[in-house]
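Remember, it's a predicted structure, so these values are computed and weren't measured experimentally. Letters A, B, ... mirror the listed sequences (proteins, then strands); counts begin at 1.
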Number of protein chains: 2
Amino acid sequence: MPRWKPDAVERLQAAALELFDEQGFERTTVAEIARRAELTQRTFFNHFADKREVLFGMDAELRQELVREITAADALPPLDAVVCAMRVVADKMLESRRAVVTRRYAVIAANPELQERELGKNAALTEDIAAALHARGCDPTGAFLAAGAAMLAQQAAMREWTRPGETRTLRDLLTEAVRSLRTTVGGEPAEPSPPDSGAGPS
Amino acid sequence: MPRWKPDAVERLQAAALELFDEQGFERTTVAEIARRAELTQRTFFNHFADKREVLFGMDAELRQELVREITAADALPPLDAVVCAMRVVADKMLESRRAVVTRRYAVIAANPELQERELGKNAALTEDIAAALHARGCDPTGAFLAAGAAMLAQQAAMREWTRPGETRTLRDLLTEAVRSLRTTVGGEPAEPSPPDSGAGPS
DNA sequence: CAAGTGATTTCAGTTTGTGCAATCACCGTA
DNA sequence: TACGGTGATTGCACAAACTGAAATCACTTG
């Protein structure tokens, strides 16, 4: 007979998601999560750096996979390479888990602290993408802008994808978002050098 | 004789910036900040929601000013309106305080928790910008993408502007970043359609 | 001059997060 | 079989972040 029930990490993650969903993030204490997972508070902090981190488990492998796909898409220009990689990851790792991802997304959307953590994860991912592009010959600023633009489209797509009535695939929503972004950013008759302080009304 | 020394908030902000700069964010305790400002820990938490917030004071007025400028630049297309407003705000509120802003930026860059908070502030600002654009007739997704793109350029510009040797103005760096973003996002050989503004890059 | 206001303080308490030592089933090895 | 090492878990003690409630008291207002 094993000394401990297996899958402590998964049990903690599941308990946390349940409790956050039931009563909110702030009203849930770490001791409570641990109790429901039949573990102790101390064990929780052995597995997760802090209370929020319990919701961000699959981040590492997702990031790893994405970077791999980017370096694989060597032929395409930067933004296309990233978007292409994102489509692959969307199909391979997100599309099948739509229910869980949506639930997690709702929990995060309901709490500012969790939103901040997600923004941090996204920023780290952006840096990784930029690094992968830089390794391919992009200048640092260009790499950062391309990575950021791709993440922007990804965010817009996720917003739609996690909507209650939505049925389109994340892949399609991402493609649509990229097209929209290209329209918004690209097709503007802007004059690059207004004399000073703009031709503003008022 | 007044009962308390005036400007408690400013004193706390100054003390916090000093201490974070001297010994880092984590190694600085709230009690320590309060002591240097000749106040108590409880007073600190009366003025700031948490330890990080003490560094993000001028956010509110900056946001307010930016939104006003955006609604003022009614004639321009979305992205240009936002960038134009950002240039005004850069000139009016940032350029003169380069030293302080750079110092604050360095402190934030040195600590993940502070970076998360800044990302949160930036996200909130993005939402405000998107709301202002939406009020002008943009569709929600388009507004979000335009706001995000502008913030992306702004971030890239800030990175350069706060570099040790850098002498160019934030306004110029922002303009340059926007140009770079338009090149990165717009000029892709997948669908080459630059019908106007004949200066095709690459 | 009495009453009210509001920034500050004190105090007691909860929660997060950490360091350290102890437990004890499991595993490989003699 | 015996035996020592490994590693996930736990208990305990503790710093630090935050919170609610009540008290203080210069200043303001009527």
Side-chain angles (χ1 to χ4, degrees), chain A residues 1-20 22-57 60 107-108 110-118 120-121, chain B residues 1-57 107-108 110-118 120-121:
Chain A
M1 184 174 294
R3 182 166 184 194
W4 297 291
K5 298 178 65 174
D7 304 317
V9 170
E10 282 82 2
R11 268 154 51 215
L12 286 167
Q13 288 171 331
L17 185 57
E18 283 176 18
L19 286 166
F20 293 165
E22 292 170 12
Q23 47 184 320
F25 176 78
E26 302 184 17
R27 299 185 191 289
T28 305
T29 104
V30 172
E32 211 173 345
I33 300 171
R35 201 182 321 129
R36 180 169 297 200
E38 292 174 282
L39 292 165
T40 63
Q41 192 185 37
R42 193 64 187 83
T43 302
F44 179 96
F45 286 114
N46 283 341
H47 288 291
F48 304 104
D50 58 58
K51 187 180 166 189
R52 304 173 219 172
E53 198 65 13
V54 70
L55 272 181
F56 297 85
V107 169
I108 292 173
N111 183 274
E113 292 185 58
L114 292 173
Q115 290 175 53
E116 280 189 359
R117 174 55 51 85
E118 166 142 292
K121 295 290 188 184
Chain B
M1 183 174 294
R3 182 168 184 193
W4 298 291
K5 297 177 64 173
D7 304 317
V9 170
E10 283 83 4
R11 267 153 53 211
L12 286 167
Q13 287 171 331
L17 185 57
E18 283 177 19
L19 286 166
F20 293 165
D21 197 5
E22 290 171 14
Q23 46 184 326
F25 176 79
E26 301 185 19
R27 310 176 76 81
T28 303
T29 165
V30 172
E32 212 173 344
I33 300 170
R35 201 181 323 129
R36 180 169 298 200
E38 293 174 281
L39 293 165
T40 63
Q41 192 184 33
R42 193 63 184 86
T43 302
F44 179 97
F45 286 113
N46 283 342
H47 288 290
F48 305 104
D50 57 58
K51 186 181 165 188
R52 302 173 221 170
E53 199 65 13
V54 69
L55 272 181
F56 297 85
V107 169
I108 292 174
N111 182 274
E113 292 184 59
L114 292 173
Q115 290 175 53
E116 280 189 359
R117 174 54 51 85
E118 166 142 291
K121 295 291 186 183

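- Regarding B:Gln23, its CD atom lies at a distance of 11 Å from the P atom of D:dA16, rounded to whole Å.
- Across all strands, A:Ala31 comes closer than 4.0 Å to no nucleic acid atom at all (heavy-atom distances).
- Listed nucleotides: C:dT18, C:dT9, D:dA17. Nearest to the side chain of B:Lys51: D:dA17.
- For A:Arg42 against C:dG19, a side-chain-to-base donor-acceptor contact under 3.5 Å is present.
- Remark: B:Glu22 does not engage B:Arg27 in a salt bridge, criterion side-chain N to carboxylate O under 4.0 Å.
- The CZ atom of A:Arg27 sits 17 Å away from the P atom of C:dT14 (whole-angstrom rounding).
- When rounded to the nearest whole Å, the span between CD of A:Glu26 and C1' of C:dT16 equals 13 Å.
- Atom CH2 in B:Trp4 sits about 8 Å away from atom C1' in D:dT24, given to the nearest Å.
- If you check every strand for non-hydrogen atoms under 4.0 Å, B:Asn46 touches a base.
- Computed from coordinates, the B:Phe48 CZ to D:dA17 P distance equals 15 Å when rounded to whole Å.
- Rounded to whole angstrom, the span from the CD atom of B:Gln41 across to the P atom of C:dT8 amounts to 15 Å.
- Proximity of B:Thr29 to the phosphate of D:dA17: a side-chain N or O atom is located under 4.0 Å from OP1 or OP2.
- Looking at B:Arg3, its side chain comes within 3.5 Å of the base of D:dT24 through a donor and an acceptor atom.
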Inset, instruction - Determine, stepwise, if the pair A:Phe20 / A:Ile33 fulfils side chain to side chain contact (heavy atoms under 4.5 Å, CB included). - result: CA-CA 9 Å; A:Phe20 293 165; A:Ile33 300 171; 3.8 Å; yes
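- Taking a cutoff of 4.0 Å between a charged side-chain nitrogen and a carboxylate oxygen, A:Lys51 and A:Glu26 do not qualify as a salt bridge.
- In this entry the distance linking CD of B:Glu113 with P of D:dA16 reads 14 Å, nearest Å.
- OP1 or OP2 of D:dT10 has at least one side-chain nitrogen or oxygen of A:Thr43 nearer than 4.0 Å.
- Comment: A:Arg11 does not engage A:Glu38 in a salt bridge, judged by the lack of any side-chain N to carboxylate O separation of less than 4.0 angstrom.
- In terms of phosphate contacts, B:His47 brings no side-chain nitrogen or oxygen within less than 4.0 Å of OP1 or OP2 of C:dA7.
- For the atom pair CG (A:Leu19) and CZ (A:Arg36), the distance works out to 4.0 Å, reported to the nearest 0.5 Å.
- Note: CZ (A:Arg35) to P (C:dT15) measures 10 Å, nearest angstrom.
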